[in-house]
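This report refers to the structure that appears directly beneath it.
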Amino acid sequence: MFTGLVEALATITEIRDEPPGKRVLLAEPTIAREAKIGDSIAINGCCLTVVSVAGDTLAFEAGSETLSRTNLGELVAGDRVNLERSLRPTDRLGGHFVSGHIDAVGYLAQRRDEGAWSHFRFRAPHAIMRYLAPKASIAVDGVSLTLVEVDDDHFSVALIPHTLAVTTLGGLSVGEAVNLETDLLAKYVERLLAWRA
């Protein structure tokens, strides 16, 4: 479980083909110093398991399911990614509950910068839009954000200068893919309402 509050930006150092998946290696000294094999870490919001630690480098394995449902399959050496370690029971929950299980890939449709602030509009698959509501939460590349407007296949968010500076969202360009995770509680409510005993 995660909060959607990014702890660090890391740099992809290598992507190795390991059919049917890939090995993702990234460098981030602070998190690597404390990481252990088996730890869960969200990379752009996608929960992956640490499979090796060597100095400042962490390695993860991403299977074909993960690569097909996220933007991780598009990563190349030199790309920057958002990192967040899993939530401890004693941590404050400053964002919202984020499972690290990506629902869909969306695309930045419009970016309007207003000084150091930005307003982003994303295109998302129609199937996940039922879980979105104005003032509710969404994780975009692992970043917990508040929804501003929602329609049939787009949603918007307003980004403060801090978020733009400390996450990959600040460098996002129109047309780029992002990982989307909708509110976990909304999915449980839908399932409960649909259940027939």
Side-chain angles (χ1 to χ4, degrees), residues 1-88 91 95-108 120 122-125 128 137-145 159 163-182 184:
M1 189 63 68
F2 304 91
T3 66
L5 299 181
V6 172
E7 291 184 79
L9 286 172
T11 302
I12 299 294
T13 57
E14 186 179 356
I15 303 287
R16 292 183 196 154
D17 282 332
E18 292 185 351
K22 293 181 186 279
R23 182 172 288 245
V24 178
L25 291 91
L26 56 84
E28 203 299 306
T30 304
I31 291 178
R33 191 167 35 248
E34 298 175 14
K36 300 180 299 298
I37 293 173
D39 284 356
S40 293
I41 296 179
I43 301 174
N44 279 356
C46 180
C47 179
L48 294 178
T49 302
V50 175
V51 296
S52 75
V53 181
D56 291 349
T57 301
L58 297 168
F60 304 84
E61 292 169 328
S64 57
E65 171 76 3
T66 298
L67 296 171
S68 70
R69 292 183 157 284
T70 70
N71 66 6
L72 299 185
E74 299 175 19
L75 295 174
V76 295
D79 283 347
R80 303 274 282 167
V81 292
N82 297 318
L83 292 187
E84 181 188 358
R85 290 173 286 189
S86 58
L87 183 64
R88 294 173 296 205
D91 288 342
H96 72 282
F97 286 118
V98 177
S99 70
H101 302 154
I102 305 304
D103 292 308
V105 172
Y107 297 88
L108 182 60
F120 286 8
F122 292 95
R123 179 171 40 91
I128 71 164
S137 298
I138 189 166
V140 176
D141 269 354
V143 182
S144 176
L145 299 173
L159 300 172
T163 301
L164 293 165
V166 301
T167 71
T168 58
L169 299 182
L172 203 60
S173 298
V174 170
E176 285 191 75
V178 292
N179 293 325
L180 302 175
E181 182 184 334
T182 61
L184 182 64

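The model shown is predicted, which means the values in this text are computed figures rather than measured ones. For this chain, numbers begin at 1 and follow the sequence in order.
- Looking at every heavy atom in both residues, Tyr107 comes nearest to Ala177 through CE2-CB, 3.5 Å.
- The structure places CG of Asn71 at 9.0 Å from CG of Leu180, a figure rounded to the nearest 0.5 Å.
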What pairs of donor and acceptor atoms, side-chain ones from residues 45-52 against any protein atom, are under 3.5 angstrom apart with sequence neighbours left out?
none

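- Exactly one of Leu67, Leu72, Thr66 qualifies for a side-chain contact (heavy atoms from CB on, under 4.5 Å) with Lys22. That residue is Leu67.
- Minimum heavy-atom separation, Pro19 to Asp17: CD-C, 3.6 Å.
- Not a single salt bridge (Lys or Arg N to Asp or Glu O under 4.0 Å) links Glu176 to another residue, sequence neighbours left out.
- Here the closest non-hydrogen pair linking Ala10 and Leu26 is CB-CD1, 3.8 Å.
- Residue pairs satisfying the salt bridge (Lys or Arg N to Asp or Glu O under 4.0 Å) criterion with at least one member in residues 41-64, sequence neighbours excluded, are listed as follows: Arg23-Glu61.
- Listed by chain and number, the residues in a salt bridge (Lys or Arg N to Asp or Glu O under 4.0 Å) with Arg88 are Asp91 (sequence neighbours excluded).
- Listed by chain and number, the residues in a side-chain hydrogen bond (donor to acceptor under 3.5 Å, both in side chains) with Thr182 are Asp103 (sequence neighbours excluded).
- Taking CG from Leu87 and OG1 from Thr3, the interatomic distance works out to 6.5 Å, rounded to the nearest 0.5 Å.
- For Ser144, the side-chain hydrogen bond (donor to acceptor under 3.5 Å, both in side chains) partners at least two apart in sequence or on another chain are His96.
- In terms of the side chain to side chain contact (heavy atoms under 4.5 Å, CB included) criterion, residue partners of Phe122 (sequence neighbours excluded) are, by chain and number, Leu108, Phe120, Val140, Phe155, Val157, Leu172, Val178.
- Within the structure, salt bridge (Lys or Arg N to Asp or Glu O under 4.0 Å) contacts touching residues 66-84 (residues at least two apart or in different chains) are Glu65-Arg69.
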Which is it for Val81 and Val24 under the side chain to side chain contact (heavy atoms under 4.5 Å, CB included) test, yes or no, and what are the steps along the way?
CA-CA 11 Å; Val81 292; Val24 178; over 6 Å; no

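- Taking Ser64 as the reference, nothing meets the side-chain hydrogen bond (donor to acceptor under 3.5 Å, both in side chains) condition, with sequence neighbours excluded.
- When all heavy atoms of Val53 and Ala35 are compared, the closest pair comes out as CG2-O, 4.0 Å.
- Taking CG from Leu58 and CG from Leu25, the interatomic distance works out to 9.0 Å, rounded to the nearest 0.5 Å.
- Of the inter-residue distances, the one linking Asn179 atom CG with Thr70 atom OG1 reads 5.0 Å to the nearest 0.5 angstrom.
- Arg123 is linked by a salt bridge (Lys or Arg N to Asp or Glu O under 4.0 Å) to nothing, counting only residues two or more places apart in sequence or in another chain.
- Atom CG in Asp141 sits 8.5 Å away from atom OG1 in Thr167 (nearest 0.5 Å).
- In this structure, the side-chain hydrogen bond (donor to acceptor under 3.5 Å, both in side chains) partners of Glu7, at least two apart in sequence or on a different chain, are Arg85.
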Ignoring hydrogens and angles, write down the donor-acceptor pairs under 3.5 Å from the side chains of residues 36-44, residues two or more places apart or on other chains.
{"from": "Asp39", "atom 1": "OD2", "to": "Lys36", "atom 2": "N", "distance (Å)": "2.8"}
{"from": "Asn44", "atom 1": "OD1", "to": "Asn82", "atom 2": "N", "distance (Å)": "2.9"}

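- Within the model, atoms OG of Ser99 and CE of Met1 stand 6.5 Å from one another, a figure rounded to the nearest 0.5 Å.
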